[in-house]
Q: 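Got a structure here, written out as structure tokens. Questions coming.
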Amino acid sequence: MVQGRCSAVAATVLLCCLLLHFEVAQSASFTVGGRGGWTFNAAAWPKGKRFKAGDTLVFNYNPSIHNVVAVNRAGYKSCKAPKGAKAFKSGKDQIKLKKGQNFFICNYIGHCQAGMKIAVTAA
């Protein structure tokens with residue numbers, strides 16, 4: 001009876017490892033803006049793409065003239081980062097999507113208004 005229980009525990013652990021591996025293997029990486037990178041008129045870039053929670057968005061840009069700020073819907077619409085919003089400044093930022101809506105802007109003056117913002121919905 002103990003051997004049966006050990007086999008069941010081992011099978012459960014193996015199944016959990018396989019499921020975890022499958023989840024990690026299923027995430028994708030997307031370079032925002034394609035080869036042009038994170039730049040003006042990026043708002044339409046997500047159209048036609050399917051995103052899932054855990055996928056990674058890669059933002060490539062010149063950090064001396066741009067940044068990436070994770071904002072809420074209001075921040076996206078107004079092009080203003082709310083207090084406490086997370087700003088990324090490396091020029092090679094990798095951001096994992098959370099389930100639901102994800103909003104990003106460049107908060108340098110005039111950049112968001114020039115279309116340097118994206119809204120991504122992750123299933």
Side-chain angles (χ1 to χ4, degrees):
M1 187 136 173
V2 172
Q3 184 178 3
R5 241 185 268 165
C6 288
S7 295
V9 169
T12 302
V13 169
L14 180 61
L15 180 61
C16 288
C17 289
L18 287 172
L19 289 173
L20 181 61
H21 177 71
F22 180 74
E23 181 70 27
V24 171
Q26 294 302 310
S27 63
S29 180
F30 295 89
T31 300
V32 176
R35 292 198 300 184
W38 175 234
T39 190
F40 300 104
N41 299 313
W45 173 81
K47 289 186 177 140
K49 296 174 182 64
R50 304 186 106 200
F51 302 96
K52 292 186 279 189
D55 285 351
T56 300
L57 296 184
V58 179
F59 291 84
N60 293 320
Y61 58 93
N62 180 339
S64 64
I65 57 173
H66 299 302
N67 67 6
V68 179
V69 182
V71 297
N72 56 20
R73 179 189 304 275
Y76 178 82
K77 287 185 175 188
S78 68
C79 285
K80 292 182 181 172
K83 188 175 182 173
K86 172 80 172 148
F88 300 86
K89 302 173 185 177
S90 76
K92 296 190 181 302
D93 306 313
Q94 296 188 19
I95 304 171
K96 282 198 185 282
L97 293 173
K98 61 179 177 48
K99 186 175 177 118
Q101 294 186 309
N102 298 259
F103 301 97
F104 305 95
I105 66 171
C106 176
N107 76 342
Y108 280 52
I109 295 172
H111 291 201
C112 178
Q113 292 84 346
M116 204 164 176
K117 63 182 187 174
I118 60 169
V120 174
T121 302

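Any value given below was found using the heavy atoms of this structure, including those in side chains, with hydrogens, waters and symmetry copies removed.
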Q: Using the rule side chain to side chain contact (heavy atoms under 4.5 Å, CB included), only one of Val32, Thr39, Thr31 pairs with Asn60; which is it?
A: Thr31
Q: To the nearest 0.5 Å, tell me how far Thr121 OG1 sits from Asn102 CG.
A: 7.5 Å
Q: Give a yes or no on whether Trp38 and Leu57 share a hydrophobic cluster (residues Ile, Leu, Val, Met, Phe, Trp, Tyr; joining criterion: side-chain heavy atoms under 4.5 Å apart).
A: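 Linked within one cluster.
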Q: Which pairs of donor and acceptor atoms, one on a side chain in residues 61-70, lie under 3.5 Å apart (sequence neighbours left out)?
A:
unit_1: Tyr61; atom_1: OH; unit_2: Phe88; atom_2: O; d: 3.1
unit_1: Tyr61; atom_1: OH; unit_2: Ser90; atom_2: N; d: 3.4
unit_1: Tyr61; atom_1: OH; unit_2: Gly91; atom_2: N; d: 3.2
unit_1: Tyr61; atom_1: OH; unit_2: Asp93; atom_2: OD2; d: 2.3
unit_1: Asn62; atom_1: OD1; unit_2: Ser64; atom_2: N; d: 2.9
unit_1: Asn62; atom_1: OD1; unit_2: Ser64; atom_2: OG; d: 2.6
unit_1: His66; atom_1: ND1; unit_2: His111; atom_2: ND1; d: 3.0
unit_1: Asn67; atom_1: OD1; unit_2: Asn107; atom_2: N; d: 3.0
unit_1: Asn67; atom_1: ND2; unit_2: Asn107; atom_2: OD1; d: 2.6

Q: Please find the pair of heavy atoms, one from Ala119 and one from Pro46, that lie closest to each other, and give the distance.
A: O-CG, 3.6 Å
Q: Less than 4.5 Å apart, side chain to side chain, heavy atoms only: is that true for Val120 and Asp55?
A: no
Q: Do Phe30 and Val58 share a hydrophobic cluster, counting only Ile, Leu, Val, Met, Phe, Trp and Tyr and linking them when any side-chain heavy atoms are less than 4.5 Å apart?
A: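 Unlinked, Phe30 and Val58 end up in two clusters.
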Q: Does Phe40 belong to the same Ile/Leu/Val/Met/Phe/Trp/Tyr cluster as Trp45, with side-chain heavy atoms less than 4.5 Å apart forming each link?
A: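 Hydrophobic grouping puts Phe40 with Trp45.
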Q: Can you confirm whether Lys49 is buried at NZ, in the sense that more than 12 heavy atoms of other residues, nucleotides or ligands lie under 6.0 Å from that atom?
A: yes
Q: Between CZ of Arg73 and CD of Gln101, what distance do you get to the nearest 0.5 Å?
A: 4.0 Å
Q: Hey, could you give me the CZ/CE distance between Phe104 and Met116, rounded to the nearest 0.5 Å?
A: 13.0 Å
Q: Given side chains that start at C-beta, do those of Lys117 and Phe103 come closer than 4.5 Å, heavy atoms only?
A: no
Q: Could you list the donor-acceptor pairs under 3.5 angstrom formed between side-chain atoms of residues 74-86 and any protein atom two or more places apart in sequence or on another chain?
A:
unit_1: Ser78; atom_1: OG; unit_2: Ala74; atom_2: O; d: 2.9
unit_1: Ser78; atom_1: OG; unit_2: Lys80; atom_2: N; d: 3.3

Q: With a 4.5 Å cut-off on side-chain heavy-atom distances among I, L, V, M, F, W and Y, is there a chain of contacts connecting Phe59 to Leu97?
A: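 Linked, Phe59 and Leu97 end up in one cluster.
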